[in-house]
**Q** 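Okay, here's the structure, questions in a sec.
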Amino acid sequence: MNRTFFCTNFTAMPHELYMRRCLDLARMAGGNAAPNPMVGAVLVHNDRIIGEGFHRRYGIAHAEVDCIDSVLPEDRHLIPESTLYVNLEPCAHHGNTPPCANRIIKEGIRKVVISNTDPFEHVQGRGIMLLQTEGIDVITGICETEGRWLNRRFFHFHEKQRPYIILKWAATADGYIAPADRTRLAISNTTSQHIVHKWRTEETAIMIGRQTALSDNPRLTARLWHGMQPLRIALDQQLQLPRSLHLYDQEAPTWIINEKEDTSHGSIRLMQLPFDNDLLPALMHELYVHKKLSLLVEGGARLLQSFIRENLWDEARILTAGHTLGNGIAAPGLSNAISAFQTTLSGDRLEVYTNSTTQFTYPAGSAL
């Protein structure tokens, strides 16, 4: 089956345009690349793209190899005379696949343009150094802000040694996230619900508190969008949640955080952690050890406010419906928040914020 890539002639296109194509390709991997970063690559000869590719899924070929392998037989003789664009520094170590830097050298490519250097401890400039040692011209920093935003989960994970944390909730126009009696109520509309399921496929873990598990009995799976299922996490200090809840249905890997038992039953892990002031940091450490790059916190209000109080969040996504409730459980209040952007989803308003203490800037026009 033929690969899909552009072979259109352009005149004197700047580095930024080719790099943005790399970012578009990288984004196609969604949550499939984790715990690896999302990476796209484009090979250009005399302002013509002769190959492109991306890291489609963890464990298979990286973007550079996928790109080079996509070049048609009649264009392969052009590879040494071409410029390779890639949004992340090529790796220089053996992991699930051989080093991409070695493949670039083997192909005789003489110029490589990169958006970001790789923070992973086994790379951290070694890929660039290896290319330069072989006399390859390397340019870095092209669309650097956009590249860091795209791979903010990966960068945060390796730079801060914890997952990138996204808070999410839906509220009524008068600021309530649930009725006072905690009965289940769908606040957001169907479009927003589909988008939330898409978000779930893009994160490696999702978390709720005990009361939300008990009141809503959520599945926490991405049933309305095709993609990877996140690790499900729920707090249940005394292991009092009924085993009849969807969390115990074995449909996705699940951690039940408690202080009584540490055992596994199929895909269900009862993880014992102390329920004290260090609970959330201890859980973040476990997620780091298990290579979970990101965490989507979906509620309830008490759990969300705990993350906010400890300033343990990096991004917040708030859906506000057009209708009111009159009374109920109040939505959390953000602190240290910087507005990134807002839009509407069939009547619901989506507002996205970043934490002012997080080292990621939302580039205007970028996707989540």
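Treat the numbers as computed from the prediction; the structure is a model and nothing was measured.
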**Q** Has R200 got its NZ or CZ under 6.0 Å from the middle of the six-membered ring of W225, at an angle within 45 degrees of the ring axis?
**A**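 R200 over W225 ring: no.
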
**Q** Do the non-hydrogen side-chain atoms of P163 and M284 ever get within less than 4.5 Å of each other?
**A**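 Yes, side chains in contact.
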
**Q** Quick one: side-chain hydrogen bond (donor to acceptor under 3.5 Å, both in side chains) partners of S346, sequence neighbours excluded?
**A**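 S346 satisfies side-chain hydrogen bond (donor to acceptor under 3.5 Å, both in side chains) with T191 once adjacent residues are dropped.
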
**Q** Compare every heavy atom of G31 with every heavy atom of M228, then report the nearest pair and how far apart it is.
**A**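 Taking M228 first and G31 second, the nearest heavy atoms are CG-O, 4.1 Å.
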
**Q** Run the side-chain hydrogen bond (donor to acceptor under 3.5 Å, both in side chains) test against T212 and tell me which residues pass, sequence neighbours left out.
**A**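 Checked T212 against side-chain hydrogen bond (donor to acceptor under 3.5 Å, both in side chains); zero matches.
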
**Q** Please check if atom CD in Q161 has more than 12 non-hydrogen atoms from other residues, nucleotides or ligands closer than 6.0 Å.
**A**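 Counting neighbours around CD of Q161, more than 12 heavy atoms of other residues, nucleotides or ligands fall under 6.0 Å, so yes.
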
**Q** To the closest 0.5 Å, what do you measure between CD1 (I109) and NE2 (H45)?
**A**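 Rounded to the nearest 0.5 Å, the CD1-NE2 separation comes out at 12.0 Å.
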
**Q** Test salt bridge (Lys or Arg N to Asp or Glu O under 4.0 Å) on K260 and D236 and set out the steps.
**A** CA-CA 10 Å; K260 297 175 68 69; D236 185 15; over 6 Å; no

**Q** Tell me if the centroids of the rings in H194 and W199 come within less than 6.0 Å of each other.
**A**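 Between H194 and W199, the centre distance exceeds or equals 6.0 Å.
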
**Q** Hey, is R153 close enough to E203 for a salt bridge, meaning N to O under 4.0 Å?
**A**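 Here R153 pairs with E203 in a salt bridge, since their nearest N and O are under 4.0 Å apart.
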
**Q** I'd like to know if L283 and F275 are part of one continuous hydrophobic network [Ile/Leu/Val/Met/Phe/Trp/Tyr, side-chain heavy atoms within less than 4.5 Å].
**A**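 Yes, it is one cluster - the side chains of F275 and L283 are joined through contacts under 4.5 Å.
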
**Q** Is it the case that over 12 heavy atoms from other parts of the model lie below 6.0 angstrom from the NE2 atom of H226?
**A**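 12 or below, so no.
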
**Q** With a 4.5 Å limit on heavy-atom distance, are the side chains of T201 and H197 in contact?
**A**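 Contact flag for T201/H197 side chains = no.
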
**Q** Decide, yes or no, whether a salt bridge links E202 with K198 under the criterion of side-chain N to carboxylate O below 4.0 Å.
**A**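 A salt bridge links E202 with K198.
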
**Q** Which ILVMFWY residues are connected to Y176, directly or by a chain of links, through side-chain heavy atoms under 4.5 Å apart?
**A**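 Y176 shares its hydrophobic cluster with L185, I187, L325.
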
**Q** Within this structure, what is the CG-OG1 distance for the pair L345 and T343, rounded to the nearest 0.5 Å?
**A**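 Going from the CG atom of L345 to the OG1 atom of T343 covers 6.0 Å.
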
**Q** Does the distance from a Lys or Arg side-chain N to an Asp or Glu carboxylate O, for E315 and R152, drop under 4.0 Å?
**A**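 Salt bridge between E315 and R152, a charged N being under 4.0 Å from a carboxylate O: yes.
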
**Q** Does F157 reach the side chain of Y164, with side-chain heavy atoms less than 4.5 Å apart?
**A**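 No - every pair of side-chain heavy atoms lies 4.5 Å or more apart.
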
**Q** Do L304 and L296 share a hydrophobic cluster (ILVMFWY, side-chain heavy atoms under 4.5 Å, transitive)?
**A**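 No, because L304 and L296 fall into different hydrophobic clusters, even though each may have its own neighbours under 4.5 Å.
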
**Q** Tell me, do P281 and E310 make a side-chain contact under 4.5 Å, heavy atoms counted?
**A**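 Yes, close enough: below the 4.5 Å cut-off.
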
**Q** Are Y58 and V65 connected in the hydrophobic side-chain network, where two residues link if heavy atoms are under 4.5 Å apart?
**A**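 No.
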
**Q** Please check if V196 and F307 belong to a single hydrophobic cluster, counting links between Ile, Leu, Val, Met, Phe, Trp and Tyr side chain heavy atoms closer than 4.5 Å.
**A**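 The answer is no; the residues belong to distinct hydrophobic clusters.
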
**Q** In sequence, state the C-alpha distance, the side-chain angles, and the governing distance for D75 and R48, and then conclude on salt bridge (Lys or Arg N to Asp or Glu O under 4.0 Å).
**A** CA-CA 11 Å; D75 285 334; R48 181 170 72 95; 3.1 Å; yes

**Q** With a 4.5 Å cut-off on side-chain heavy atoms, are L241 and L214 touching?
**A**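 The answer is yes, as the side chains (C-beta and beyond) meet within the 4.5 Å cut-off.
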
**Q** Would you say the side-chain atoms of R223 and T221 include a donor-acceptor pair closer than 3.5 Å?
**A**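 On atom types as modelled, these side chains qualify, holding a pair under 3.5 Å.
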
**Q** Carefully, step by step, assess R317 and E298 under the rule salt bridge (Lys or Arg N to Asp or Glu O under 4.0 Å).
**A** CA-CA 10 Å; R317 302 175 183 178; E298 287 209 7; over 6 Å; no

**Q** Under 30°, 30 to 60°, or over 60°: which ring-plane class applies to Y18 and Y85, parallel, tilted or perpendicular?
**A**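 Because their plane-to-plane angle lies in the 30° to 60° range, the rings of Y18 and Y85 count as tilted.
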
**Q** Measuring only between side-chain heavy atoms, which start at C-beta, is I128 closer than 4.5 Å to T140?
**A**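 The answer is yes, as the side chains (C-beta and beyond) meet within the 4.5 Å cut-off.
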
**Q** Could you walk me through whether E259 and Q238 pass the side-chain hydrogen bond (donor to acceptor under 3.5 Å, both in side chains) check?
**A** CA-CA 7 Å; E259 62 177 15; Q238 299 299 321; 2.9 Å; yes

**Q** Is the number of heavy atoms from other residues, nucleotides or ligands under 6.0 Å of D276 CG greater than 12?
**A**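 Result for CG/D276: enclosed.
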
**Q** If you compare all heavy atoms of G333 against all heavy atoms of Q305, which two are closest, and at what distance to 0.1 Å?
**A**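 Heavy atoms of G333 and Q305 come nearest at N-OE1, 3.2 Å.
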
**Q** Strictly below 4.0 Å, N to O, side chains only: are R20 and E146 in salt-bridge contact?
**A**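 Yes.
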
**Q** Looking only at heavy atoms, what is the nearest atom pair of G53 and L25, with distance?
**A**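 Shortest heavy-atom contact: O-CD1, 3.8 Å.
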
**Q** Do the charged groups of R269 and E286 touch, with an N to O distance under 4.0 Å?
**A**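 Looking at R269 and E286, the cut-off is not met.
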
**Q** When rounded to the nearest 0.5 angstrom, what distance separates CD in E52 from SG in C22?
**A**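 SG of C22 is found 8.5 Å from CD of E52.
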
**Q** So does D249 pair up with R243, basic N to acidic O under 4.0 Å?
**A**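 Answer for the salt bridge query: no.
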
**Q** Examine the side chains of N36 and H55 and answer whether a donor and an acceptor come within less than 3.5 Å of each other.
**A**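 Short answer, yes.
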
**Q** Answer yes or no: is there an ion pair linking D314 with R162, defined by an N-O contact shorter than 4.0 Å?
**A**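 Looking at R162 together with D314, the answer is yes, because their closest N to O distance falls below 4.0 Å.
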
**Q** About how many Å separate CD1 of I308 and CG of L334, when rounded to the nearest 0.5 Å?
**A**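 That separation rounds to 4.5 Å.
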
**Q** Do the ring planes of F360 and F155 sit parallel (below 30°), tilted (30 to 60°) or perpendicular (above 60°)?
**A**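 Rings of F360 and F155: tilted, as their planes differ by 30° to 60°.
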
**Q** Is a donor on one side and an acceptor on the other found under 3.5 Å between the side chain of E134 and the backbone of G108?
**A**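 It does not hold such a pair.
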
**Q** Would you say N32's side chain and A29's backbone share a donor-acceptor pair under 3.5 angstrom?
**A**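 At least one qualifying donor-acceptor pair exists.
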
**Q** For S188 and S192, which heavy atoms make the closest approach, and how far apart are they?
**A**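 Residues S188 and S192, closest heavy atoms: CB-CB, 3.7 Å.
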
**Q** Which value, rounded to the nearest 0.5 Å, describes the distance between N116 atom CG and F154 atom CZ?
**A**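 So the CG of N116 and the CZ of F154 are separated by 10.0 Å.
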
**Q** Let's go through E107 and R76 carefully: what are the C-alpha distance in whole Å and the side-chain angles of both, what is the deciding distance for salt bridge (Lys or Arg N to Asp or Glu O under 4.0 Å) to 0.1 Å, and is it a yes or a no?
**A** CA-CA 10 Å; E107 295 289 343; R76 294 201 63 82; 3.7 Å; yes

**Q** Identify the heavy atoms of D348 and G322 that sit nearest to each other, and give their distance.
**A**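 Looking at all heavy atoms of both residues, the shortest contact is OD1-N, 4.4 Å.
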
**Q** Would L245 and I233 show up in the same hydrophobic cluster when neighbours are defined by side-chain heavy atoms closer than 4.5 Å?
**A**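 In one cluster with L245: I233, no.
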
**Q** Are there more than 12 heavy atoms of other residues, nucleotides or ligands under 6.0 Å from atom CZ of R57?
**A**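 Open.
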
**Q** Less than 4.5 Å apart, any side-chain heavy atom of L247 and any of I208?
**A**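 In contact.
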
**Q** Is any side-chain heavy atom of E16 closer than 4.5 Å to one of M19?
**A**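 SC-SC contact between M19 and E16 ruled out.
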
**Q** Looking only at heavy atoms, which two atoms of Q250 and R232 are closest? And how far apart?
**A**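 Smallest interatomic distance, heavy atoms only, reads N-NH2, 4.1 Å.
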
